[in-house]
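Reading through the structure tokens given below for one structure.
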Amino acid sequence: MKTKLPLRFSILQLLIKESEGLTPEQLFHKLKDSYPNEKQCQPNTIDEHLMSMKGVGLIDVKSAIFDGNNQLISTYIITDYGIARLTKYVKLATINMPQNQKF
Amino acid sequence: MNSIQNALLNKNIGYAKKGVIIGAIAGMLWGLGGIIISVAFSKDPFLSFSNLSLYIVPLVGACLTDSISGISTLIMNIVGGKAKEYTRVVKTKPGKFIIIASIFGGPMAMSGYYIGLYLAGPFYTMAITALYPAVGAILSRIFLKEKISRNAWLGIFLCIIGAIIVSYVVPTGTYPHFYLGITACFLATIGWGLEGVICAYGMDLVDPNIAIGIRWFTSFIVYFIAVLPFVAGIGLSGYALFFTAFSSSTILILIAAAVVNAVSYFWYYKSINMSGVSRALALMITYALWGIIFGWIITGSANITFNIVIGAIIIVAGALLVAGKPSDLIKIRDN
């Protein structure tokens, strides 16, 4: 049985794959099937993880806009430091295969 | 600056402010937890076992409270839908960093602290162990490249001085194994400093809520297996107290203390993650002041003396300097 990665690892994995960056909502849609029935996988929780990882320099804000409800929506990209940290623990070859992770 | 940049800045500043505020609350709750524990330790079975050795009560108490705090944190994480993250995280290297940090900050530091109290007396133990925020700040600057402004360094220094002043006790007695005691104190200081830095490094990739859950269980297991057999010479007295306490009514007081501690450390780890090791450690040490305030309120055991008032003013000034400008905390490292 394949083991799932912790949520933060998966968020960073997705940000490596999507070089244009992702919003918390987009990350949620990409992650929800991998973490079914897990209350932690919600856009607001994902946004908190992103804020925390931004603070330590793993990711950065690429751009931001206001949506129709005047809510600020940020698009996050991974930094070189973030890639270096993640690839220390997750092999690059497995990053494109989220269902077959090794670490 | 346009409205989007402004909104982004406000969001970042709000997040940084939250990290500082929960760090300050964590320090306050740690002070409260300590007082509740001391109430439990003044009752049986702890009272009757205290004759066996000086550190059987605090170390068995730490083992008991860590186990209860671990369960409390697990419940919080189950409610938050994060329970499955425990096993995922412990299989990763950052998860293993958290385990190592837990051993440094839990059994190693706490055992060092109580051995220090026993062999070197309270004055030197308090003065040396109060240095742990400085150790953490230096290590975080070296290994994590954490940004620490001149004001923050001054604030850390003031928090330490303030903590020493409020905890001041006149050095008395003779200690034949004094230098061994001092070594144990340094072990505790380094242990707490290392805990902050190693767990901060691990928590870059691990949810702090899970990190603290792992911390409690690791600490409990190490106490139970490696510390309890030695708390009163080599033997089973530690286990006898552990199980007797569990079946006594005093456990209710310990549960209250452990829940308060669990919430405190929950926020302490979050604060490390949100505002950096150096600030979280300095805010945590304000517990020395809160312990006296809660001791006065709950047990009436503390007199508000001149040195406590002076120490309190210094701690508050230090904490305000550590908190600094929230806009400086938006990016907490130089990487």
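Here is the naming used below: chain letters follow the sequence lines, and residue numbers restart at 1 for every chain. Just so we're clear, the structure is a prediction, and the values are computed from it rather than from any experiment.
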Checking heavy atoms, do the side chain of [X], its backbone, both or neither come under 4.5 Å from chain B?
| X | result |
| --- | --- |
| A:S74 | side chain |
| A:L7 | both |
| A:D60 | neither |

Which atom names give the shortest non-hydrogen contact between A:K4 and B:R88, and what distance separates them?
->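 Smallest interatomic distance, heavy atoms only, reads O-CG, 3.3 Å.
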
Closest approach of B:L205 to A:F9 (non-hydrogen atoms, all atoms of both residues) |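 Closest approach of B:L205 to A:F9: O-CE1, 3.5 Å.
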
Contact class of B:K147 relative to chain A, heavy atoms under 4.5 angstrom |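 No part of B:K147 comes within 4.5 Å of chain A.
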
Measure distances from B:Y201 to the heavy atoms of chain A and classify the residue's part below 4.5 Å as side chain, backbone, both or neither.
->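 Both parts, heavy atoms under 4.5 Å.
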
Find the distance between [atom1] ([X]) and [atom2] ([Y]) and round it off to the nearest 0.5 Å.
| X | Y | atom1 | atom2 | answer |
| --- | --- | --- | --- | --- |
| A:K88 | B:K93 | NZ | NZ | 9.0 Å |
| B:N209 | A:Q40 | CG | CD | 9.5 Å |
| B:K82 | A:Y35 | NZ | OH | 13.0 Å |

Ion pair [X]/[Y], N-O distance below 4.0 Å:
| X | Y | answer |
| --- | --- | --- |
| A:R85 | B:D204 | yes |
| A:E48 | B:K11 | no |
| A:R8 | B:E85 | no |

Evaluate the criterion side chain to side chain contact (heavy atoms under 4.5 Å, CB included) for residue pair A:V56 and B:M203; output intermediate values, then yes/no.
-> CA-CA 10 Å; A:V56 297; B:M203 280 193 297; over 6 Å; no

